[in-house]
Undergrad: 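Have a look at the structure that comes next, please.
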Number of protein chains: 2
Amino acid sequence: MGFGETFKALSNPARREILTLLKGGKLSAGEIAARFPLTGATVSHHLGVLKQAGLVFETREKNYVYYQLNASVLEEVLLWVADLKGENPNEKL
Amino acid sequence: MGFGETFKALSNPARREILTLLKGGKLSAGEIAARFPLTGATVSHHLGVLKQAGLVFETREKNYVYYQLNASVLEEVLLWVADLKGENPNEKL
DNA sequence: AATCTATTTAGAAGTTTTTCTAAATAGATG
DNA sequence: CATCTATTTAGAAAAACTTCTAAATAGATT
């Protein structure tokens, strides 16, 4: 997926808030949209960007599309930043 | 400085490459610019964005402006991502 | 099958970003 | 002090982003 896409996804405040919401567990598109002063269409767009970046994945149930954090891509971001910082890989974990 | 500014700064590929270059130690604006197929003016703009975001700081010597990584802001980013990932703060370090 | 509900897609308007060229600044050197 | 060197600022053009409304899709319910 590439860090470009991932960091671009993280660069938007609404998208960062969506990710923070998802720390509490999976939520449907509608549940997420309800917490923002944005239209459902706009939130759907942001969810698409996050999904494309690999930061979230979706699962479908009934009429709903649930989103949740993708820990593995977050770990990649973590490692990229840690490496930039010049951290010994063993110092973390 | 806020994560908005920081992640926005990280969202550009040229800026991420600049940061990667700076892993090797401080470099002048001109030395950085020489490694990119961009004008000095454009690189100067990117350096300004990185500085504004707190990701680098500058020191002046002679005619030169040297840039280097700011580890403390990188650490903040690291913690933000780690927290999002739901990591125990003690698991790192 | 008709309709309701949840979500996405399309298209457009306004804003921000990226990059350039040209000009300005500011310190060093002859 | 005139000028050279390193870097930044100004202004403009093109591309990308954010958000909206309206319409489309797709699954569930009656």
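Owing to the predicted nature of the structure, the values given are computational and were not obtained by experimental measurement. First the proteins, then the strands, lettered A, B, ... as listed; each starts at 1.
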Undergrad: Of the nucleotides D/dA10, C/dT18, C/dT8, which has the atom closest to the B/A41 side chain?
TA: D/dA10

Undergrad: Rounded off to whole Å, could you give me the CD-to-C1' distance for the B/E5 and C/dT17 pair?
TA: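 To the nearest whole Å, that distance equals 14 Å.
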
Undergrad: Can you tell me the distance, in whole Å, between the NE2 atom of B/H45 and the C1' atom of D/dT7?
TA: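 From B/H45 NE2 to D/dT7 C1': 15 Å.
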
Undergrad: Could you give the CG-to-P distance, from A/L50 to C/dT8, as a whole number of Å?
TA: 12 Å

Undergrad: Quickly work out the B/I18 CD1 to D/dT7 P distance and round it to whole Å.
TA: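 Rounded to the whole Å, the gap is 13 Å.
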
Undergrad: Is any side-chain nitrogen or oxygen of B/S44 closer than 4.0 Å to OP1 or OP2 of D/dT9?
TA: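 Answer is no, no contact under 4.0 Å.
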
Undergrad: Check the phosphate of D/dC17 against A/H46, side-chain N and O only, distance under 4.0 Å to OP1 or OP2. Yes or no?
TA: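 No, no such contact exists.
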
Undergrad: B/N12 side chain N/O closer than 4.0 Å to the phosphate oxygens (OP1, OP2) of C/dT18?
TA: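 Looking at the OP1 and OP2 atoms of C/dT18, one of them is under 4.0 Å from a side-chain N or O of B/N12.
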
Undergrad: Would you say A/T39 reaches D/dT19's phosphate, i.e. side-chain N/O to OP1/OP2 under 4.0 Å?
TA: no

Undergrad: Find the distance A/F36:CZ to C/dT7:P and express it as a whole number of Å.
TA: 14 Å

Undergrad: Using atom CG of B/N63 as one end and atom C1' of D/dA6 as the other, report the distance to the nearest whole Å.
TA: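 Distance check: B/N63 CG to D/dA6 C1' gives 5 Å.
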
Undergrad: Taking atom P of D/dA26 as reference, at what distance in whole Å does atom OH of A/Y64 sit?
TA: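 That distance rounds to 19 Å.
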
Undergrad: Ignoring the backbone of A/Y67, work out which of D/dT19, D/dT7, C/dT8 is nearest its side chain.
TA: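 In terms of side-chain proximity for A/Y67, the closest of D/dT19, D/dT7, C/dT8 is C/dT8.
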
Undergrad: What is the distance, to the nearest angstrom, from the CZ atom on A/R60 to the P atom on C/dA6?
TA: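 Going from A/R60 (CZ) to C/dA6 (P), I get 15 Å.
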
Undergrad: Could you pick out which residue, A/P37 or A/K8, lies toward the 5' side of DNA chain D when each is mapped onto its nearest nucleotide?
TA: A/K8

Undergrad: Checking contacts here: which listed nucleotide (D/dC20, C/dC20, C/dT8) is nearest the side-chain heavy atoms of A/T42?
TA: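 Among the listed nucleotides, the one closest to the side chain of A/T42 is D/dC20.
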
Undergrad: At less than 4.0 Å, is any side-chain N or O atom of A/K62 found next to OP1 or OP2 of C/dA6? Yes or no.
TA: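 Result: no.
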
Undergrad: Is A/G40 touching bases, backbone alone, or none of the nucleic acid, heavy atoms closer than 4.0 Å?
TA: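 Base contact.
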
Undergrad: Which residue in the set A/E31, A/E61, A/E58 passes side-chain hydrogen bond (donor to acceptor under 3.5 Å, both in side chains) when paired with A/K26?
TA: A/E61

